[in-house]
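Below is one structure, written out as structure tokens; the observations come after it.
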Amino acid sequence: MKRNRDRDRSYRSGQVATILGISPRTLYRMLADGRIPEPMRNPDNRYRLWTAVDLQNIREALQK
């Protein structure tokens with residue numbers, strides 16, 4: 001069975017910032033302010049792993 005790669009894909013913080021056209025600092029500020037929820041983290045290196053749903057949540061938060 002073929003998986004939907006876009007749905008299952010995860011993005012690093014720098015990639016998310018680039019996709020959304022914001023700086024990584026803005027992304028981290030939104031996390032610190034509580035405007036967006038903390039994403040899951042890679043258990044090996046603790047990097048944030050963002051999903052397509054997370055990206056949509058950030059887009060919505062940017063419109064407010």
Side-chain angles (χ1 to χ4, degrees):
M1 182 165 127
K2 190 174 183 178
R3 293 171 41 176
N4 183 341
R5 291 181 187 194
D6 289 337
R7 186 191 69 206
D8 295 335
R9 182 168 182 192
S10 60
Y11 303 90
R12 294 184 311 240
S13 296
Q15 291 173 311
V16 170
T18 300
I19 290 168
L20 297 175
I22 60 175
S23 71
R25 185 173 180 172
T26 298
L27 183 62
Y28 297 132
R29 191 176 307 124
M30 292 175 77
L31 279 168
D33 293 347
R35 289 189 280 168
I36 56 175
E38 184 73 30
M40 66 180 165
R41 289 189 179 253
N42 181 323
D44 296 329
N45 56 22
R46 303 289 297 150
Y47 288 174
R48 288 179 178 94
L49 297 176
W50 303 85
T51 65
V53 172
D54 294 323
L55 268 67
Q56 185 58 36
N57 290 338
I58 298 167
R59 283 186 183 105
E60 291 171 8
L62 287 169
Q63 293 177 353
K64 292 181 182 179

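Nearest approach of Pro37 to Leu31, heavy atoms of both residues: O-CD2, 3.6 Å. Closest approach of Tyr28 to Ser13, counting heavy atoms only: OH-CB, 3.3 Å.
Taking the side chain as every heavy atom from C-beta outward, Asp54 and Arg48 never approach each other to under 4.5 Å. Counting heavy atoms from C-beta on, the side chains of Arg59 and Ile19 come closer than 4.5 Å.
Atom CD1 of Ile36 sits about 8.5 Å away from atom CG of Asn57, to the nearest 0.5 Å. Rounded to the nearest 0.5 angstrom, Ile22 CD1 and Leu27 CG are separated by 5.0 Å. Atom CH2 in Trp50 sits 15.5 Å away from atom CZ in Arg9 (nearest 0.5 Å).
Open room surrounds CZ on Arg12; 12 or fewer heavy atoms of other groups in view lie less than 6.0 Å from it.
Under the salt bridge (charged side-chain N to carboxylate O under 4.0 Å, His left out) criterion, Asp33 pairs with Arg35, not counting sequence neighbours. Leu49 meets the side chain to side chain contact (heavy atoms under 4.5 Å, CB included) test with Ser10, Met40, Asn42; sequence neighbours excluded.
No path of Ile, Leu, Val, Met, Phe, Trp and Tyr side chains, each step under 4.5 Å between heavy atoms, connects Val16 with Tyr47, placing them in separate hydrophobic clusters.
The stretch residues 15-24 participates, sequence neighbours left out, in these side chain to side chain donor-acceptor pair (under 3.5 Å) pairs: Ser23-Thr26.
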